[in-house]
There are 2 protein chains.
Amino acid sequence: MSQTVDRALRILPLLAEGPANLEQVATRLDVHKSTALRLLRTLHEHGLVYRQGDQRYRLGGRLFALAQEAMENIDIRATAHPHLVALNENCGHTVHLAVHEEGEVIYVDKVDSRYPVRMYSRIGKPVAITVAAVAKILLADLPGDELRTLARKLDYPRYTARSIIGPEAFLAELAKVREQGWATDFGGHEESINCVGAPIRGHDGRVVAAMSVSAPNVVVTAEELLALLPLVRRTAQTISRDYAGYTSR
Amino acid sequence: MSQTVDRALRILPLLAEGPANLEQVATRLDVHKSTALRLLRTLHEHGLVYRQGDQRYRLGGRLFALAQEAMENIDIRATAHPHLVALNENCGHTVHLAVHEEGEVIYVDKVDSRYPVRMYSRIGKPVAITVAAVAKILLADLPGDELRTLARKLDYPRYTARSIIGPEAFLAELAKVREQGWATDFGGHEESINCVGAPIRGHDGRVVAAMSVSAPNVVVTAEELLALLPLVRRTAQTISRDYAGYTSR
DNA sequence: ATGGATGTTGCACATGTTGCAACGAGCTGA
DNA sequence: TCAGCTCGTTGCAACATGTGCAACATCCAT
């Protein structure tokens, strides 16, 4: 909509790939050097890009601070957090909380496993949308037409032999998830990692977030993890009640 | 420099305070509604802001993804991480890694305490710059004039009775830190939390990052923590060597 | 010294941004 | 049901702002 702002913002993902100098930025934006310079300066003034010693630009620290504050405004987080911690203390595994936002699913909270072998994930990281248990839960709640459109647009990377490939398989899996009210991911993202997840619902019954418990094969088998399902679902329901009571609107 | 981009970027910290509707944004930017609308739409297209159900805007998920990627480009992180983990396994306390960037100090890595009582901090969070051990270490390395300018500009919040207040006290503390090559924070930020930290240096001897070990009083006394100082300094030196060898430029 | 590569500045032009005014949608109370 | 309010959206004309150019500055290698 706004050309100038659009150009400036296109610089950010570009720099996210790695530091770049003025000319590289100008070339990739397809604008004159002087234009790129002005945009970079404006971003710099706002702390969104940082100029390192060798004159190359990279993303700046303000970005972290903003992401940080944004995270803290997500009110489901505050409600859920103590319950996630309690669940973690109870079962010892990694607990995740995720929300959906316009075609992306992102982790917004995480309580680490107490076992030395931990899975890699990080708050703020976009979730593998076609395979993760939390993603299935969140997307299963979308209206049918919107979901079909999304399913067609998605990529279906074959992370492992058990990854879900293609819109039909994905829609079928989501139908199952919607039906049963919970989801699993047994090695669909990383061979040796299993998850079980459950939805957190707002006062109107819509899914507002999803939580999951994850553990590597070397710690517990898929069956043992599945045995935790009732506990996970109970926790999700407790959070839902808490949230519905708490939410002001 | 660029008015349009400047206005657009001013929206971000504004939304970081909490969700806002079009009119609030327009008022706070001091522009017409239609202008604010166009800027918001552009930010929206890039995923930096998100429009929630009630039509209010808040910061969007792409921000997390960007911050995430930016973090992973900070190469000192990759070098330091295994050493931080090793130190954590050795002493059990929370370990932090921080860097300095234009007047701000931010945590870029963290390994959590194995004790149940953990301090609150989060990767990406700006550090309490006037009291934290890592901040003292990083700022102590700045050139004298730049440092004095900065010291005069800073706020000195009285977090606790032991917080450092005022530029003179701060500069004196930094001189001591520079002299001795390590820093502490005994309850200057939170009454019951102590830290000891050491600098990580690049090939030219300049401080490129700082690391620290933190623990609450209820777990170990300040004296016991101080006993870990040699270990912390040794780890920092190991990372420095690793980094100087590794760095390509 | 000389040449090349890259960052920076001032400026004239026209393109994109701006505020306005009018419209639309949703809500409230009479 | 309608008038009256608030708040988001749209089209447009005026002109402020962003744009690319060309010249200059700086740095490095030869």
Side-chain angles (χ1 to χ4, degrees), chain A residues 1-15 17-60 73 101-102 143 202-204 206 247-249, chain B residues 1-15 17-60 73 101-102 143 202-204 206 247-249:
Chain A
M1 285 263 118
S2 163
Q3 187 186 74
T4 319
V5 177
D6 183 66
R7 286 173 169 174
L9 297 183
R10 270 170 29 217
I11 293 178
L12 298 178
L14 191 155
L15 291 184
E17 295 170 21
N21 64 23
L22 176 62
E23 193 150 275
Q24 293 170 315
V25 171
T27 309
R28 297 228 9 212
L29 282 189
D30 203 26
V31 297
H32 194 98
K33 286 187 300 177
S34 58
T35 304
L37 180 65
R38 225 153 356 87
L39 298 177
L40 280 165
R41 280 194 179 153
T42 311
L43 291 168
H44 181 96
E45 274 175 18
H46 287 260
L48 296 183
V49 312
Y50 172 68
R51 193 150 200 197
Q52 37 181 38
D54 59 353
Q55 298 221 104
R56 291 190 305 168
Y57 295 89
R58 63 169 180 73
L59 294 180
N73 291 334
E101 180 176 304
E102 315 197 16
H203 58 91
D204 55 357
R206 294 296 306 273
T247 193
S248 43
R249 225 174 308 111
Chain B
M1 285 265 120
S2 163
Q3 187 185 72
T4 317
V5 177
D6 184 67
R7 286 175 168 174
L9 297 183
R10 272 174 22 221
I11 294 178
L12 298 178
L14 192 155
L15 291 184
E17 294 169 22
N21 64 22
L22 176 61
E23 194 150 274
Q24 294 170 316
V25 171
T27 309
R28 298 229 6 212
L29 282 189
D30 202 27
V31 298
H32 196 191
K33 287 186 300 177
S34 57
T35 305
L37 180 65
R38 227 156 352 90
L39 298 176
L40 279 165
R41 279 194 180 153
T42 311
L43 291 168
H44 181 97
E45 274 175 19
H46 286 262
L48 296 184
V49 312
Y50 172 69
R51 193 148 200 199
Q52 36 181 40
D54 60 353
Q55 298 222 104
R56 291 190 304 168
Y57 296 88
R58 63 170 180 74
L59 294 180
N73 294 331
E101 181 175 305
E102 315 196 18
H203 57 91
D204 54 358
R206 294 295 306 272
T247 191
S248 43
R249 226 172 306 113

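Values below: all heavy atoms of this structure, side chains included; hydrogens, waters and symmetry mates excluded. Letters go in sequence order (proteins before strands), and every chain restarts at 1.
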How close or far is atom [atom2] of [N] from atom [atom1] of [X], stated in whole angstroms?
| X | N | atom1 | atom2 | answer |
| --- | --- | --- | --- | --- |
| B:Arg56 | D:dG8 | CZ | P | 11 Å |
| A:Leu37 | D:dG18 | CG | C1' | 13 Å |
| A:Gln3 | D:dG18 | CD | P | 11 Å |

Reported [atom1]-to-[atom2] distance for the pair [X] and [Y], which is rounded to 0.5 angstrom:
| X | Y | atom1 | atom2 | result |
| --- | --- | --- | --- | --- |
| B:Leu43 | B:Leu12 | CG | CG | 5.5 Å |
| A:Gln24 | A:Leu15 | CD | CG | 9.5 Å |
| B:Thr4 | A:Asp6 | OG1 | CG | 12.5 Å |

(message) Checking contacts here: which listed nucleotide (D:dT9, D:dT10, D:dA22) is nearest the side-chain heavy atoms of B:Lys33?
(response)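 Ranking D:dT9, D:dT10, D:dA22 by closest atom to the B:Lys33 side chain puts D:dT9 first.
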(request) Walking along DNA chain C from 5' to 3', note the first and the last nucleotide with an atom under 4.0 Å from a heavy atom of chain A, and give both. (result)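 So the contact region on DNA chain C extends C:dT6 to C:dT17.
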(message) If you assign A:Arg41 and A:Ser2 each to the DNA chain C nucleotide with the nearest heavy atom, which residue ends up on the more 5' nucleotide?
(response)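 Whichever sits nearer the 5' end wins; that is A:Arg41.
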(request) Please tell me which of A:Met1 and A:Tyr57 maps to the more 5' nucleotide of DNA chain C, matching each residue to the nucleotide holding its nearest heavy atom. (result)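 Between the two, 5'-proximity favours A:Tyr57.
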(message) On the side chain of A:Thr4, is there an atom forming a donor-acceptor pair with the base of D:dG18 - under 3.5 Å, no angle test?
(response)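 No, the side chain and the base share no sub-3.5 Å donor-acceptor pair.
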(message) Using only atom types and a distance under 3.5 Å, with no angle test, would you say the side chain of A:Arg10 pairs donor to acceptor with the backbone of A:Leu29?
(response)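 Pair found, side chain donor or acceptor close to backbone of A:Leu29.
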(request) Without swapping roles, check the side chain of A:Glu45 against the backbone of A:Thr42 for a donor-acceptor pair under 3.5 Å. (result)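 Answer holds: no.
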(message) Counting only side-chain nitrogens and oxygens, does A:Arg38 get under 4.0 Å of the OP1 or OP2 atom of D:dG18?
(response)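 For A:Arg38, the contact criterion (side-chain N or O under 4.0 Å from OP1 or OP2 of D:dG18) is not met.
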(message) Just N and O in the side chain of A:Thr35: are any of them under 4.0 Å from OP1 or OP2 of D:dG18?
(response)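 For A:Thr35, the contact criterion (side-chain N or O under 4.0 Å from OP1 or OP2 of D:dG18) is not met.
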(message) Going by side chain to side chain contact (heavy atoms under 4.5 Å, CB included), B:Arg51 matches just one of B:His44, B:Arg56, B:Arg41. Which one?
(response)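 It is B:His44, the one option of B:His44, B:Arg56, B:Arg41 that forms the side chain to side chain contact (heavy atoms under 4.5 Å, CB included) with B:Arg51.
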